[in-house]
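Take a look at the structure set out below.
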Amino acid sequence: MTIQLSDHFTYKRLFRFTIPSIFMMIFTSIYSIVDGIFTSNFAGKEAFAGINLIMPGIMLFSGLGFMIGTGGSALVAKHLGQKDEQRANQIFSFLIYFTIVAGIILSFAGWFIIPIFARILGAKDDLYNYAVVYARTLCPALTSFMLQSVFQSFLIAAEKPHLGLFLTFAAGITNMILDAVFVGLFKWGVIGAALATDIANSIGGIIPLLYFIISKKSILHLGKAKWEGHALFRTITNGSSELLNSISSSIVGMLYNVQLLKYAGVDGVAAYGVIMYVGFVFAAIFIGYSMGVAPVVSYNYGAQNNKELKNIFRKSITIISATSIIMLIASEITSGLLASIFTSYDDKLFTLTKEAFAIYSISFLLCGINIFSSSFFTALNNGIISASLSVLRTLFFQVTFILFLPVLFKSKGIWLASPSAEATCLIISAICLISFRKKYNY
């Protein structure tokens, strides 16, 4: 039975509606992990470190996609809640066409910017070559990469979360198989890893594009569109937290790498790469849930259904709090196993990665409410609060602790930065959620 945005959501119905988004994000992170596993084990830690050095810059483009997807779907779902499907489809179509044009332009620009970017990060010799080759190989599929991020949100707004999960699964399986062939069998190194990602992203970006053109049953479909300056502005402000989160994460990732090169060398950068790959699997649960529930929040906000909005909010806080405890326990138990998958060939790197991950994983107890809070305010079309929480969490607090804690605790201070930032932001998130309850009636 299809679950609609207008339904009353029990715990069971909420799980059924959000689980595809959760699995979609988990699976996306898992097939990214496979990229890292093959590169680290078959191309070596220098190649692996090169990819991770340039990765923060690449993720900026994903952030642009998520900004348009989350900000746009909040606006579109609000119009659906107001029973204005024609307006919802006009905005949806414009945003997809805008993403395609922006992706093409950024693909060309990225080719020339990447070498400069790698030098700024301090990459030299083989590290520089690996980073540039990997990133440039990703450029041709950048538009598909952005569309994949956009459609992850719009498929939920179109009440088709299972289709989003299927496409992510298909893209992930494709990436894994091609990683095994290109990197493991053909020994193409970072080029093989990037080509596998290009082809997988094309599946996730092009197939839903065709679906929204052809499908007659979807409540959202691609049609004629005109320039929608106001809608674009609303989308950017609504989704600015997702873009700022990506920009902040990229800046923080660069700062992590700079500090780690200073305090722990190439091994530190490689260890951080492992933590980022694995850590995203745990965070993906919170991101996926927040992404899945956001259109429901936007719909009920647009429909002024305060009773259901309160119901969704209470249940979400309960679910995320319980999951946070489970995530901490699971991460601490599996830290050694997860580190060995990437670094078993190097005892020193394995020990460093295991110890670092055990410290870093404390953040999984704290980040869930922070991620949900930012997404919740995006869904309520309050981009200012959402963006403020995102910038504080992913940039201001992170940078402060990354720069300050190593002075006291050396390399261990770097791993403590994320838990410290999440703890500080949790206080701010709680204050915002309490302060705005009367305004939005949740």
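We number each residue from 1, following the sequence as shown. Source: prediction; values computed, not measured.
- By the 30° and 60° cut-offs, the orientation of the rings of F38 relative to F42 is parallel.
- Here the shortest heavy-atom pairing between A170 and T174 reads O-OG1, 2.8 Å.
- Counting heavy atoms from C-beta on, the side chains of E355 and I359 never come closer than 4.5 Å.
- By the 6.0 Å contact criterion, CZ on F169 is open, its count of non-hydrogen atoms from other residues, nucleotides or ligands being 12 or less.
- For the residue pair N201/S144, the side-chain donor-acceptor check at 3.5 Å is not satisfied.
- The closest donor-acceptor contact from the side chain of Y360 to the backbone of M276 lies at 3.5 Å or more, if one exists at all.
- Counted within 6.0 Å of CZ on F212, heavy atoms from surrounding residues, nucleotides or ligands total more than 12; the atom is thus considered enclosed.
- Put simply, the side chain of T237 gets close to the backbone of R234: a donor and an acceptor are under 3.5 Å apart.
- Of all non-hydrogen atoms in A196 and F182, the two that sit nearest each other are N-CD1, 4.0 Å.
- If you check the side chains of Y289 and S316, you find a donor sitting under 3.5 Å from an acceptor.
- The shortest non-hydrogen separation linking V252 to L395 is CG2-CA, 4.2 Å.
- Pairing each heavy atom of N311 with each of F9, the nearest pair is ND2-O, 2.7 Å.
- More than 12 heavy atoms of other residues, nucleotides or ligands lie within 6.0 Å of OH in Y263, so this atom counts as buried by the packing criterion.
- Under the ring pair (Phe, Tyr, Trp, His ring centres under 6.0 Å) rule, F377 has a single partner from F372, F313, F436, Y301, which is F436.
- For the pair F145/Q148, a side-chain contact is recorded, criterion being any heavy-atom separation below 4.5 Å from C-beta on.
- The main-chain N or O of V296 is found under 3.5 Å from a side-chain atom of N300 such that the two form a donor-acceptor pair.
- Within the 4.5 Å cutoff, side-chain heavy atoms of I319 are placed close to those of L14.
- In this structure, L309 and N441 have side chains that are not in contact, with every pair of non-hydrogen atoms separated by 4.5 Å or more.
- S298 places a side-chain N or O within 3.5 Å of a backbone atom of A379 that can act as its donor or acceptor partner.
- S153 places no side-chain N or O within donor-acceptor distance of the main-chain N or O of S149, the cut-off being under 3.5 Å.
- Taken from OG1 in T143 to CG in L106, the straight-line distance is 8.0 Å, to the nearest 0.5 Å.
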Exercise for review: Evaluate the criterion side-chain contact (heavy atoms from CB on, under 4.5 Å) for residue pair I68 and F98; output intermediate values, then yes/no.
Suggested key: CA-CA 9 Å; I68 296 171; F98 178 83; 4.0 Å; yes
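- Between the T318 side chain and the R314 main chain, a donor and an acceptor come within less than 3.5 Å of each other.
- Under the 4.5 Å side-chain criterion, counting only non-hydrogen atoms from C-beta, M25 is in contact with Q152.
- Here the side chains of L167 and Y211 are not in contact, with every heavy-atom distance at 4.5 Å or above.
- Within a 6.0 Å radius of NZ in K354, no more than 12 heavy atoms belonging to other residues, nucleotides or ligands are found.
- Within the model, atoms CD1 of I207 and CG of L147 stand 12.5 Å from one another, a figure rounded to the nearest 0.5 Å.
- Considering all non-hydrogen atoms of both residues, G192 and D179 come closest at O-OD1, 4.5 Å.
- Using a distance-only test at 3.5 Å, with no hydrogens or angles considered, a donor-acceptor pair links the side chain of S361 to the main chain of F357.
- Taking 4.5 Å as the limit, every side-chain heavy atom of I206 sits out of range of all side-chain heavy atoms of F151.
- Rounding to the nearest 0.5 Å gives a distance of 4.5 Å between CE of M24 and CD1 of I156.
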Point to revise | Intermediate values then yes/no, side-chain contact (heavy atoms from CB on, under 4.5 Å), Y256 and Q398 | key: CA-CA 10 Å; Y256 263 109; Q398 289 272 6; 3.6 Å; yes
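- S375 places a side-chain N or O within donor-acceptor distance of the main-chain N or O of S290, the cut-off being under 3.5 Å.
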Exercise for review: Might you work through the side-chain contact (heavy atoms from CB on, under 4.5 Å) test for L380 and Y442, ending with a clear yes or no?
Suggested key: CA-CA 10 Å; L380 293 172; Y442 57 80; 4.2 Å; yes
Check your understanding: Given the rule in the side-chain contact (heavy atoms from CB on, under 4.5 Å) test, do I414 and L405 qualify, once you have shown the distances and angles that lead to the verdict?
Key -> CA-CA 7 Å; I414 301 175; L405 291 180; over 6 Å; no
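- Put simply, CD1 on I371 and CE on M291 are 10.5 Å apart, with the number rounded to the nearest 0.5 Å.
- Counting heavy atoms from C-beta on, the side chains of I199 and N175 never come closer than 4.5 Å.
- Shown here is I384, whose CD1 atom has no more than 12 heavy atoms of other residues, nucleotides or ligands within 6.0 Å.
- A distance of 12.5 Å separates CD1 in I91 from CD1 in I96, rounded to the nearest 0.5 Å.
- Within a 6.0 Å radius of CZ in F396, no more than 12 heavy atoms belonging to other residues, nucleotides or ligands are found.
- No donor-acceptor distance shorter than 3.5 angstrom exists from the side chain of Q259 to the backbone of P406, with no hydrogens or angles considered.
- When all heavy atoms of G292 and F17 are compared, the pair lying nearest together is O-CE2, 3.4 Å.
- Here the side chain of T334 pairs no donor or acceptor atom with the backbone of L337 at under 3.5 angstrom.
- Distance OG/S107 to CG/L142: 4.0 Å, rounded to 0.5 Å.
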